[in-house]
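Since the structure comes first, as structure tokens, the remarks are kept for the end.
Just so you know, residue 1 is the first one in the sequence shown, and it goes up from there. A quick note: this is a predicted structure, and the numbers were derived from the prediction, not measured.
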Amino acid sequence: NRIASLFLPGRLGEYSITFLLKKGHDVPIGVSAAAVTIDKVITLIVSCVIGVVGLFSFFDQFLALRAAGFALLFCVVIIFCFLPCSRRFIRTRILGKYASHLSGFYTTFSSYWREHRAALALNIFATLLRVVVIALSAFFMFAAVGVFPSLLIIIAIGGVETVSTI
């Protein structure tokens with residue numbers, strides 16, 4: 001699924017795991033899609049927070065506030081998609097006859113917030129760890145040529161890059 005992510009926009013290739021789990025382990029597509037979506041939502045939130053901090057570090061306040069506003073608007077749109085009227089619209093108008101393939105999505109998605117908070121905390125920790133590991137990788141590449149940037153600056157730059165692609 002990582003290779004598929006290289007070719008599909010927005011890292012949508014990560015959703016290919018849903019089909020592989022269905023085929024190999026009979027995991028319902030809606031359940032596995034909810035798990036992937038939770039990971040994407042957490043990554044989005046963590047990246048936006050880091051990115052907004054980075055924006056205020058590197059750019060003037062007006063530009064940083066505009067970008068932060070767009071990031072917040074994007075998050076609101078995502079949240080709006082989970083309201084009952086939006087879910088009904090998505091099921092009937094967008095998914096149509098394919099809606100049955102995603103049965104269990106909302107139940108699984110909402111159960112993470114209600115019942116599986118430890119799993120959410122682990123995912124947040126893993127997401128933060130991934131950010132640090134990526135920054136360390138860049139740091140070591142710079143260090144190899146005698147340049148030693150601050151690790152926090154590298155993390156902030158990565159956050160700005162993520163926010164700029166929203």
Side-chain angles (χ1 to χ4, degrees), residues 1-55 67-138 154-166:
N1 68 358
R2 295 288 180 204
I3 292 175
S5 292
L6 295 173
F7 300 104
L8 294 174
R11 297 186 57 121
L12 292 176
E14 291 178 9
Y15 282 97
S16 64
I17 194 171
T18 61
F19 302 105
L20 298 172
L21 287 172
K22 174 68 177 167
K23 185 177 180 181
H25 300 284
D26 204 30
V27 175
I29 290 175
V31 171
S32 57
V36 172
T37 302
I38 283 287
D39 178 61
K40 287 190 163 298
V41 167
I42 288 171
T43 301
L44 174 69
I45 291 168
V46 168
S47 297
C48 281
V49 168
I50 294 170
V52 167
V53 169
L55 285 169
F70 282 122
L72 180 62
L73 179 64
F74 186 74
C75 290
V76 168
V77 168
I78 296 295
I79 291 169
F80 181 75
C81 289
F82 290 97
L83 294 175
C85 61
S86 300
R87 288 181 33 236
R88 189 171 31 262
F89 176 81
I90 291 168
R91 252 192 334 269
T92 58
R93 302 286 186 199
I94 297 174
L95 296 175
K97 65 181 180 178
Y98 300 105
S100 63
H101 295 291
L102 290 174
S103 65
F105 176 89
Y106 182 74
T107 304
T108 304
F109 187 88
S110 60
S111 76
Y112 280 106
W113 305 106
R114 287 190 320 266
E115 303 163 20
H116 305 292
R117 290 191 178 140
L120 290 176
L122 268 168
N123 192 294
I124 292 168
F125 176 75
T127 300
L128 290 170
L129 185 63
R130 181 172 58 209
V131 167
V132 170
V133 167
I134 290 169
L136 278 171
S137 171
I154 295 172
I155 290 171
I157 291 169
V160 170
E161 175 191 12
T162 301
V163 169
S164 71
T165 60
I166 292 179

CZ/F82: more than 12 non-hydrogen atoms of other groups inside 6.0 Å: yes
Interatomic spacing from SG in C81 to CD1 in I94 - rounded to 0.5 Å: 7.5 Å
Distance under 6.0 Å and angle within 45° of ring axis: R117 vs Y112: no
Shortest non-hydrogen separation from S32 to V27 and the atoms involved: CB-CG1, 4.1 Å
Approximate separation, where rounding is to 0.5 Å, of I124 CD1 and I45 CD1: 7.5 Å
Test side-chain contact (heavy atoms from CB on, under 4.5 Å) applied to F74 and V77, step by step: CA-CA 5 Å; F74 186 74; V77 168; 5.5 Å; no
Nearest heavy-atom neighbours spanning A156 and G54: CB-CA, 3.9 Å
Side-chain touch L20/H25, heavy atoms, less than 4.5 angstrom: no
Separation between OG1 of T18 and CG of L102, rounded to the nearest 0.5 Å: 8.0 Å
Gap separating the CD1 atom of I50 from the CD1 atom of I155, nearest 0.5 angstrom: 6.5 Å
C48 side chain reached by L44 side chain, heavy atoms, under 4.5 Å: yes
CD1-CZ distance between I38 and F109, expressed to the nearest 0.5 angstrom: 4.0 Å
I29 side chain reached by K22 side chain, heavy atoms, under 4.5 Å: yes
Residues T92 and R88: side-chain donor-acceptor under 3.5 angstrom: no
Closest heavy-atom pair and its distance - L55, A67: CD1-CB, 3.2 Å
Test item: L128 and V132 side chains (from C-beta on) under 4.5 Å apart, heavy atoms: no
Any Y15 side-chain heavy atom under 4.5 Å of K40 side chain: yes
Value rounded to 0.5 Å, distance of CD1 in I17 from CG in D39: 10.0 Å
Taking every non-hydrogen atom, the tightest pair across S111 and T108: OG-O, 2.7 Å
Side-chain donor or acceptor of T127 paired with backbone N/O of T43 under 3.5 Å: no
Heavy-atom side-chain contact between F105 and V31 under 4.5 Å: no
